[in-house]
Amino acid sequence: MGKIKVGFGFDVHQLKKDHPFVLGGVKLEHHAGAYGHSDADVLLHAICDALLGAANLRDIGFHFSNKDDRWKGISSLVLLQHVVALIKEKGFTIGNIDAMVCLEAPKINPHIPEMKTYIAEAAAINEEDISIKATTNEQMGFIGREEGVVAYAVCLIERG
Ligand SMILES: [Zn+2]
C-alpha cells in the first residue's frame, strides 16, 4: 500500500473598501475585497498551505515571500500550480481537498461551481475531488464586522 498523508491550511486577509475581491479564482462583485501582496485569495492560500503541509514542504510564506516582487498582484491560481508541481516532485498526487470559507458577505454559494472549475484546472484534478463550503461567523468578531475573511482547508495526498 502507498503512502497517504493529510495536510491542514489556514489563511486570513483583511477586507478593504472598494478593493477587488478574488476568492477561489473568481472575482466577486462586492463593496469590499481581500487585501494582500498577491491577489489575496484566502481560499487558494489555505489550500496551498494544506497541500504544502501534507508534503512537509513548509508553508506558503516560505515559497512565495511577500517581499518578492514576482508574486505582487499575481493570481493565486499560479501559486497553486507551483505548489502542485512541488508536491508532484516529491512523488505525490492529490487525493482530495476539502475547504471552508468563513465570511459574512457576499454569499458565495452561487460561485462555488466556478471556483471548483478553476481549482480543478490549476491543480490538475477532478472537480469531484474538491469540496468548498461556506459559513458566516453569525455576525460575531472581525469576520462578523466584515473586517476580514478566513479560510480553512484539509487535503489528502498519496504516493503509490
Ligand atoms: Zn493569504
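Just so we're clear, the structure is a prediction, and the values are computed from it rather than from any experiment. Each ligand, and each atom within it, is numbered from 1 in the order the structure gives.
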Exercise. Indicate if the distance from the Zn ion (ligand 1) to the nearest N, O or S atom of D41 falls below 2.8 Å.
Key: no
Practice problem: Give a yes or no on whether K107 atom NZ has more than 12 heavy-atom contacts from other residues, nucleotides or ligands under 6.0 Å away. | Solution: no
Exercise. Might you work through the side chain to side chain contact (heavy atoms under 4.5 Å, CB included) test for K90 and K5, ending with a clear yes or no?
Key: CA-CA 12 Å; K90 277 191 112 170; K5 299 182 88 174; 5.9 Å; no
Practice problem: Determine which of the N, O or S atoms in H45 is closest to the Zn ion (ligand 1) and give its atom name. | Solution: ND1
Exercise. Using only N, O or S atoms, tell me which atom of D11 is closest to the Zn ion (ligand 1).
Key: OD2
Quiz item: Does one hydrophobic cluster hold both L15 and V26, with members joined at side-chain heavy-atom distances below 4.5 Å?
Solution: yes
Exercise. Assess the side chains of N66 and H37: does a donor N or O sit below 3.5 Å from an acceptor N or O?
Key: no
